[in-house]
> 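I'd like to ask you about the structure that follows.
For ligands, and for the atoms within them, numbers begin at 1 and follow the listed sequence. Along the sequence shown, residues carry numbers from 1.
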Amino acid sequence: MTDNSSNSSIPASLLRAAVKALQRGSLVAFPTETVYGLGADASNTQALTELYRVKGRPAARPLTVHLADVEDIAQWAADIPPAAQKLIDSYCPGPLTLILPRRPEVLDIVTAGSENVGIRLPSHPLARQLIRAFGKGLAAPSANRSGYLSPTTAEHVRQEFGADVPIIIDGGPCQLGLESTIVDFSTSPPRLLRSGLLTLDMLQETAGVEIQTPALAPAATSGAHYKPHTAVQSCPTSDLQACVERELAQHHLPLAVLYYTPRAVFSNGPDLRLLQLPNQPLEYAQRLYASLRYLDGCSLRSIIIEDVPNTAEWAVLRQRVQQIAPDNHKLT
Ligand code: TXA
Ligand code: MG
């Protein structure tokens, strides 16, 4: 059952079906402002086991608990440090995940045995409506098979899971299109575990404390994720033309170019697909994964992504592009 809900409320019959499914331990996919989530009852071991199985997720990777209301955090977290509370006050609900010390009753399968629990309060009205109607926390990783790109439309989820996820709440394309920023408050100073559209500067200023970045960039520490199946390389704008010519000469065809600089570099043809992304970072972010998924379905030999600008407002996208295409010119 995929329902084309409006962006502001879930039809009553679908909501009833979704809540019943969650109560009996089944999975329900739902939209958030970042990416679609695959939800299961965070207090039901059998439902969580099924979630790991369907996603193909390694057992060592913990799940984030999604809540509707700030007051509910205390049911899951044993302690909320003052700096974390400041982020909660400013950014929850919103595209932020906090890692906090867990309460003892939180299931080991949620935290993958760790003493900390990931908490997220999505701002999407349909996500909040679903969680409120269910009345309990929803464990919800991104609704993709482990290792693949996060989904930003209900159709992505349906294509990937088919009958394995019979209920998908359709809220249209996700507004942000990139996963939430993750800050780990189990250490002092806190650490940035995943960058996102809430930037380190914004978070540090609000929290009033330093937030450490790992020695390796977050993108580099989790390079096994967010990848399409097709070989992808990134290429600086100044070299894009030469790079495409090299690929054409070497018959790495059919080939796609995902670019944003507003100029036609080549002409579209059977062996060369050109896909232009917006040249503004927020619009680019919203469409990046959907564009890569689309190209991944085109039976291409390779995809070239134009490197995005090396500026603060593009920083998170630069990381994601590096993560998707770690080596420049790796096909040549
Ligand atoms: O935007 C998002 O965060 C989306 C939407 C659906 O909310 N969710 C998402 O979930 O991206 P997932 O599971 O694909 O990524 C969450 C990350 C994982 O890398 C997981 O290992 C980490 O958060 N995480 C969750 N709980 C943790 C914990 N207790 N300690 C350390 N890392 C944790
Ligand atoms: Mg994920």
> Is S146 close enough to the Mg ion (ligand 2) that one of its N, O or S atoms comes in under 2.8 Å?
no
> Test your reading of the structure: does E179 have an N or O sitting under 3.5 Å from an N or O of ligand 1?
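It does not: no N or O of E179 is found under 3.5 Å from an N or O of ligand 1.
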> Answer with yes or no whether N144 contacts ligand 1, where contact means a heavy atom under 4.0 Å from a ligand atom.
no
> Is the closest N or O pair between S114 and ligand 1 shorter than 3.5 Å?
no
> For residues S180 and T97, is any side-chain donor paired with an opposing acceptor at under 3.5 Å?
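The answer is yes; a qualifying pair exists.
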> Can a non-hydrogen atom of R57 be found less than 4.0 Å from any atom of ligand 1?
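The answer is yes, since R57 has a heavy atom less than 4.0 Å from ligand 1.
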> Have D201 and T199 got a donor and an acceptor in their side chains that come within less than 3.5 Å?
no
> For ligand 1, which atoms sit closer than 4.0 Å to a heavy atom of G37?
6 (C)
> Run the numbers for me: atoms of ligand 1, each under 4.0 Å from some heavy atom of G118, listed by number.
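Counting atoms of ligand 1 from 1, those under 4.0 Å from G118 are 26 (N), 29 (N).
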> Check ligand 1 against P141 and write out every atom of the ligand that is under 4.0 Å from a heavy-atom position of the residue.
10 (O), 12 (P), 13 (O)
> Does a side chain donor of either R120 or T32 reach within less than 3.5 Å of an acceptor in the other side chain?
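Checked: R120/T32 side chains pair up, N/O donor to acceptor below 3.5 Å.
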> Go through ligand 1 atom by atom and flag the ones less than 4.0 Å from a non-hydrogen atom of S180.
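Checking each atom against S180, I get 1 (O), 2 (C), 3 (O).
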> Will you find, in the side chains of S234 and E306, an N or O donor that is under 3.5 Å from an N or O acceptor?
no
> Quick check on contacts: which atoms of ligand 1 are under 4.0 angstrom from a heavy atom of R61?
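Atoms satisfying the 4.0 Å criterion: 18 (C), 19 (O), 21 (O).
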> With heavy atoms of N116 as the reference, note each atom of ligand 1 found under 4.0 Å away.
29 (N)
> Does either side chain, that of S146 or that of R57, offer a donor lying less than 3.5 Å from an acceptor on the other one?
no
> Using a 4.0 Å cut-off to any heavy atom of V117, which atoms of ligand 1 qualify?
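Going through ligand 1 atom by atom, the ones under 4.0 Å from V117 are 29 (N).
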> Testing the 3.5 Å rule here: is there a donor-acceptor pair between the side chains of T152 and Y36?
no
> Does the side chain of R287 come under 3.5 Å of the side chain of Y260 through a donor N or O and an acceptor N or O?
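Looking only at side-chain atoms, Y260 and R287 do not form any donor-acceptor pair under 3.5 Å.
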> For S150 and E179, which I'm curious about, is there any donor-acceptor pair between the side chains at under 3.5 Å?
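Checked: S150/E179 side chains pair up, N/O donor to acceptor below 3.5 Å.
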> List the atom of Y52, the atom of I109, and the distance in Å for their closest heavy-atom pair.
OH-O, 3.1 Å
> Which of the numbered atoms in ligand 1 are below 4.0 angstrom from a heavy atom of I182?
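Those atoms are 17 (C), 23 (O).
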